[in-house]
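Residue numbers count from 1 along this sequence. In what follows, every heavy atom counts, from backbone to side chain, and hydrogens, waters and symmetry copies are set aside.
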Amino acid sequence: MHEHVAPRPGPSGPWTALRGPSAGSRSVRPSRPPAARGGASGGGRGGPQRGTVLGGLRTLHIRARRAWDRPLTAYYLILGGSLLILVLGLVMVYSASQIKALQSGLAPTYFFRKQLLAAAIGAVLLLVAARTPVKLLRALAYPLLAGTAFLLVLVQVPGIGETINGNTNWISLGGPFQAQPSEFAKLAVVLWGADLLARKQSKKLLTQWKHLLVPLVPVTFVLLGLIMIGGDMGTTVVLTAVLLGLLWVAGAPTRLFSGVIGVTAALAFLFIKTSANRMSRLACIGATDPGTNDQCWQAVHGIYALANGGWFGAGLGASVEKWGELPEPHTDFIFAITGEELGLAGTLSVLALFAALGYAGIRVAGRTEDPFVRYAAGAVTTWITAQAVVNIGAVLGLLPIAGVPLPLFSYGGSALLPTMFAIGLLIAFARDEPGARAALAMRQPGVRWKTMRRRVKKRPSGER
């Protein structure tokens, strides 16, 4: 005889039909009713998808911000960005210089091999700069300045200085090698100016305008005059930017800063006005036609090269303008060949690398507590970014052609060597950022294992 068991009471109402076959033996939580159509988080069009996308973007933003704020961010940006620019520059020098070399009766790899040799020497200089103590850098500032000034004077001695493309700024080193002392003047002003301002700050003298200007501005103007005697207007513009960068980082008052800019602009106008060659370059800004006597030929064909590239370029080595149409395709106008062969994507990549390098330099200058490091990092960042702007602006037709190479990218050993030494300085300064030294020490072999062992020993064993 079976005992009759009454069924267990369950929930009743409209949600009973939603229970499964075994719902009678377990309690069932009423499911959530569907949200109204068009609600903020419900079944409106794109509601769940939109929330998922926004949540993913928010998570990505948080992760990127955390990575951006890490102590070694500037270090990796400087090291990685400069190496990428250098490697891409070597590839483009090889591509852009082959036709030029063949037209000169040389081997197709002639310019590439010279640039590769300069890059190898520059890599040694970069490592030396990255490992040199700050005290030794400051001790080398005055000898470097004096040696650069002596070489700039020596360039103007007949029989010693060499004239190329109308400018007398080179000294022959024997064979096919020349040195351009004006390129080393940038590095000399960076180290000497940073040391001078740091010593004056330690004595609290930078609050007086005369200590901000003297002797920094007069000595730099002497170097600018020696460079202008040789006719190198482009290097003069970049060196002036370095001077202004030092004054800006030193906190020069607006009136004083504006006064230096005004005097510099007046001198630049005088030098341009008295030179027919410079006036013709100024007239080619924004030109779309070569003009009479083809005076804007280079500027216009630089635009043609960029236009031929389109979005993704004609392909590496497929440039048309380097076949004798565009002068200096591997030096001043290598950015135009890059745009023709790699397209807008390639040129934007180069711009992004320089932007990252500039940001990292500003970050190093802003976070350090050493005045010398702050001034030197600010001046190096100003040097590289200003020179890149002058070069790329000329290729785009926004600035007059100044004849300056694209840093780390264009052909030219005299420009590459001091630039790579300056990059080594930025790397050394980035390693000394607050927290960066400790983070690098943790990455050395054995350090993490020893730290883990110490942590294990400190844990309680649980025994009494």
Side-chain angles (χ1 to χ4, degrees), residues 118 121-122 125 137-197 213-247 260 263-264 266-272 274-275 277-278 331-332 376 379-380 382-383 386-387 390 402-405 407 412-422:
I121 299 174
L125 293 178
L137 290 174
R138 299 182 68 170
L140 293 174
Y142 281 86
L144 181 61
L145 180 69
T148 302
F150 174 75
L151 291 177
L152 287 174
V153 173
L154 202 62
V155 166
Q156 305 307 321
V157 176
I160 298 179
E162 291 191 355
T163 301
I164 301 177
N165 294 333
N167 294 341
T168 307
N169 289 302
W170 283 266
I171 295 178
S172 177
L173 299 179
F177 298 98
Q178 299 93 19
Q180 190 174 359
S182 58
E183 292 291 342
F184 294 89
K186 305 170 189 175
L187 181 62
V189 171
V190 166
L191 293 178
W192 173 75
D195 175 70
L196 176 68
L197 293 175
L213 295 181
V214 181
L216 178 62
V217 175
V219 170
T220 307
F221 273 31
V222 170
L223 295 179
L224 290 174
L226 291 174
I227 295 172
M228 279 303 301
I229 292 176
D232 192 353
M233 187 71 181
T235 304
T236 303
V237 172
V238 177
L239 190 58
T240 302
V242 172
L243 172 63
L244 296 177
L246 283 170
L247 292 176
V260 174
V263 173
T264 304
L267 292 175
F269 176 79
L270 178 63
F271 283 118
I272 293 175
T274 55
S275 173
N277 183 29
R278 299 189 187 106
T331 55
D332 303 344
V380 169
T382 304
W383 163 11
Q387 187 164 327
V390 171
V404 296
S414 293
L416 184 62
L417 296 182
T419 304
M420 292 193 70
F421 189 91

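Take Leu125 and apply the side-chain contact (heavy atoms from CB on, under 4.5 Å) test, not counting sequence neighbours, and it matches Leu417, Phe421. Applying the side-chain contact (heavy atoms from CB on, under 4.5 Å) criterion to Thr236, with sequence neighbours excluded, gives Leu224, Ile227, Met228, Thr240. Scored by the salt bridge (charged side-chain N to carboxylate O under 4.0 Å, His left out) test, Arg278 finds no partners at all (sequence neighbours excluded).
Between Thr419 atom OG1 and Trp383 atom CH2 the span is 4.5 Å, to the nearest 0.5 Å. Put simply, CH2 on Trp170 and OG on Ser414 are 8.5 Å apart, with the number rounded to the nearest 0.5 Å. Considering CH2 of Trp192 and CG of Leu197, their distance stands at 8.5 Å, rounded to 0.5 Å. Atoms CG and OG1, from Leu243 and Thr264 in turn, are 6.5 Å apart once rounded to the nearest 0.5 Å.
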Could you go through Val380 and Leu187, starting from their C-alpha distance and side-chain angles, then the distance that decides it, and tell me whether this counts as side chain to side chain contact (heavy atoms under 4.5 Å, CB included)? CA-CA 8 Å; Val380 169; Leu187 181 62; 5.8 Å; no
Take Tyr142 and Leu191, measure what side chain to side chain contact (heavy atoms under 4.5 Å, CB included) needs, and give me the verdict at the end. CA-CA 8 Å; Tyr142 281 86; Leu191 293 178; over 6 Å; no
Show your reasoning for whether side chain to side chain contact (heavy atoms under 4.5 Å, CB included) applies to Leu223 and Val189. CA-CA 9 Å; Leu223 295 179; Val189 171; 3.6 Å; yes
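Looking only at distances, no side-chain donor or acceptor of Ser275 sits under 3.5 Å from a matching main-chain atom of Ile272. Under the 3.5 Å distance criterion, the side-chain polar atoms of Thr382 are left unmatched by any main-chain donor or acceptor of Gly245.
Applying the salt bridge (Lys or Arg N to Asp or Glu O under 4.0 Å) definition to pairs two or more places apart or across chains, those involving residues 169-186 are Glu183-Lys186. For residues 144-170, no residue pair satisfies the salt bridge (Lys or Arg N to Asp or Glu O under 4.0 Å) rule, not counting sequence neighbours.
For Gly413 against Pro418, the heavy-atom pair with the smallest separation is O-CD, 4.5 Å. The nearest pair of heavy atoms linking Gly230 to Asn169 is O-ND2, 3.5 Å. When all heavy atoms are compared, the tightest approach of Ala402 to Val390 is CB-CG1, 3.7 Å.
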Give the table of side-chain donor-acceptor pairs shorter than 3.5 Å for residues 145-154, with sequence neighbours excluded, one pair per line with atom names and distance.
from: Thr148; atom 1: OG1; to: Leu144; atom 2: O; distance (Å): 2.8

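Among Leu239, Val242, Leu246, Asp195, the one residue that satisfies the side-chain contact (heavy atoms from CB on, under 4.5 Å) test with Val190 is Val242.
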